[in-house]
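The next block holds one structure in the form of structure tokens; read it before the comments.
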Amino acid sequence: TEYTAPANGWVTAWKKATTSNQYLHINNNLGLGWTSYSTGNGSNLITSLPVVKNQKFKVSYNADGEVAHFRFIYAEGEQ
């Protein structure tokens, strides 16, 4: 899914995995991205990415577990 950053800051996501080799990935429209891979059932997949205001970013995953959080964290002075 593609999103647009509301301000300068960080996007962060945390999702549970149900088996090994599942992933959680965030990347921006400049080609920068971070991926977290699972090692087994119950693994915590956590990743974050800095973004600037109005920048597009995508979140993708194949992990079947619950979403613990998906948040935007404003940079200091942005909110």
Side-chain angles (χ1 to χ4, degrees):
T1 304
E2 185 174 84
Y3 302 92
T4 302
N8 296 332
W10 287 78
V11 60
T12 180
W14 178 358
K15 188 165 176 55
K16 290 278 191 181
T18 57
T19 187
S20 60
N21 297 317
Q22 292 183 329
Y23 69 88
L24 169 62
H25 179 77
I26 301 174
N27 70 289
N28 65 23
N29 58 341
L30 300 175
L32 178 64
W34 296 100
T35 305
S36 179
Y37 291 97
S38 66
T39 56
N41 185 27
S43 294
N44 290 307
L45 304 176
I46 304 168
T47 190
S48 58
L49 186 73
V51 291
V52 296
K53 185 175 183 174
N54 295 322
Q55 185 174 43
K56 304 285 188 203
F57 63 93
K58 290 184 182 180
V59 177
S60 57
Y61 58 87
N62 69 352
D64 294 328
E66 68 179 284
V67 174
H69 80 241
F70 175 51
R71 296 186 179 124
F72 182 82
I73 301 168
Y74 288 88
E76 186 173 346
E78 288 292 314
Q79 192 173 17

Notebook entry, point to check: Does T12 reach the main-chain N or O of R71 with its side chain, forming a donor-acceptor pair under 3.5 Å?
Noted result: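 No, because the side chain of T12 does not come within donor-acceptor range (under 3.5 Å) of the backbone of R71.
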
Notebook entry, point to check: Does any N or O in the side chain of S38 come within less than 3.5 Å of the main-chain N or O of N21, such that one atom is a donor and the other an acceptor?
Noted result: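 A pair under 3.5 Å: yes.
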
Name all residues meeting the side-chain hydrogen bond (donor to acceptor under 3.5 Å, both in side chains) criterion together with [X]; count only those two or more places apart in sequence or in a different chain, and write none if there are none.
X	result
T39	S43
T35	H25
T47	none

[atom2] on [Y] to [atom1] on [X], rounded to 0.5 Å:
X	Y	atom1	atom2	result
L45	K16	CG	NZ	9.5 Å
L32	Q55	CG	CD	8.5 Å
L24	S60	CG	OG	7.5 Å

Under the side-chain contact (heavy atoms from CB on, under 4.5 Å) rule, collect the residues that match up with [X], sequence neighbours excluded.
X	result
N41	T18
E2	K56, K58
A75	N8, E78

Check: Taking only residues two or more places apart in sequence or in another chain, which ones pass ring-ring contact (aromatic ring centres under 6.0 Å, His included) with F57?
Finding: Y3

Notebook entry, point to check: Quick one: ring-ring contact (aromatic ring centres under 6.0 Å, His included) partners of Y23, sequence neighbours excluded?
Noted result: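 By the ring-ring contact (aromatic ring centres under 6.0 Å, His included) rule, Y23 matches no residue at all.
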
Check: Looking only at heavy atoms, which two atoms of N62 and Q22 are closest? And how far apart?
Finding: OD1-CA, 3.1 Å

Margin query: To check you understand the geometry: which heavy-atom pair defines the closest contact between F72 and A7, and what is its length?
Written below: CZ-O, 3.1 Å

Notebook entry, point to check: Hey, quick one: are W34 and Y37 part of the same hydrophobic cluster, counting side-chain heavy atoms closer than 4.5 Å, chains of contacts allowed?
Noted result: no

Check: When clusters are formed by joining ILVMFWY residues with side-chain heavy atoms under 4.5 Å apart, either directly or through shared neighbours, do V51 and L30 land in the same one?
Finding: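 As far as the 4.5 Å side-chain criterion goes, L30 and V51 are not connected within one cluster.
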
Next item on the list: For the residue pair I46 and W14, establish whether any side-chain heavy-atom pair is separated by less than 4.5 Å.
Entry: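 Contact flag for I46/W14 side chains = yes.
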
Check: Is T1 close to V59 at the side-chain level, that is, under 4.5 Å between some pair of heavy atoms?
Finding: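 When only atoms from C-beta onward are counted, T1 and V59 do not touch, as no gap falls below 4.5 Å.
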
Check: When Ile, Leu, Val, Met, Phe, Trp and Tyr are grouped by side-chain heavy atoms lying under 4.5 Å apart, directly or through other members, which residues fall in the same group as I73?
Finding: W10

Next item on the list: Please go through V52's hydrophobic cluster and name the other residues, only I, L, V, M, F, W, Y counting, with side-chain heavy atoms under 4.5 Å joining them.
Entry: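 Under the 4.5 Å side-chain rule, V52 groups with nothing.
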
